[in-house]
Amino acid sequence: MSDSVWPDHLDANHDRDREQRIAAIKRWVAYLQSEPPEVWGPQQNAVVNGQLTAAQHVATSAAHQQHVAAVAAEIRAAREDNAAAESVSPDDS
């Protein structure tokens, strides 16, 4: 195989992989729009929790683990703030 063919082969693979990722994202968005959060929320949580569990089994530094915990806490706080803001009706202000 010549050197000039190999980059073309890699470019084609990268393009195909990118198209597959975009198609998967579009399917996920369509699913989210077609189902209520009570259906897809626990599914998404299971995926994220699985990723966190897998990450915990990888040797990471204490500083990195603290950073991940801090980011998770910020996300939880933001969600709680959003939920609290949404629960206040316009008549309450």
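Residues take their numbers from the sequence shown, with the count starting at 1.
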**Request:** Would you list the pairs meeting ring pair (Phe, Tyr, Trp, His ring centres under 6.0 Å) in which at least one residue belongs to residues 45-87, sequence neighbours left out?
**Result:**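 Listed by first then second residue: nothing to list.
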
**Message:** Tell me every residue that passes side-chain hydrogen bond (donor to acceptor under 3.5 Å, both in side chains) with Gln65, counting only those two or more places apart in sequence or in another chain.
**Reply:**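 Applying side-chain hydrogen bond (donor to acceptor under 3.5 Å, both in side chains) to Gln65 gives Thr60.
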
**Side-chain cluster (under 4.5 Å, hydrophobic types only) that Ile25 belongs to, other residues** = Val29

**Message:** By the side-chain hydrogen bond (donor to acceptor under 3.5 Å, both in side chains) test, which pairs, at least two apart or in different chains, include something from residues 18-38?
**Reply:** Tyr31-Gln43

**Gap between atom CD1 of Ile22 and atom CG of Asp17 - 0.5 Å precision** = 11.0 Å

**Prompt:** Can you name the closest pair of heavy atoms from Pro42 and Pro37 and give their distance?
**Reply:** CD-O, 3.8 Å

**Asn82: side chain to side chain contact (heavy atoms under 4.5 Å, CB included) partners, not counting sequence neighbours** = none

Below 3.5 Å, can you tabulate the donor-acceptor pairs from side chains in residues 46-54 to any protein atom, sequence neighbours excluded?
{"residue": "Asn49", "atom": "ND2", "partner": "Asn45", "partner atom": "O", "Å": "3.2"}
{"residue": "Thr53", "atom": "OG1", "partner": "Asn49", "partner atom": "O", "Å": "2.9"}

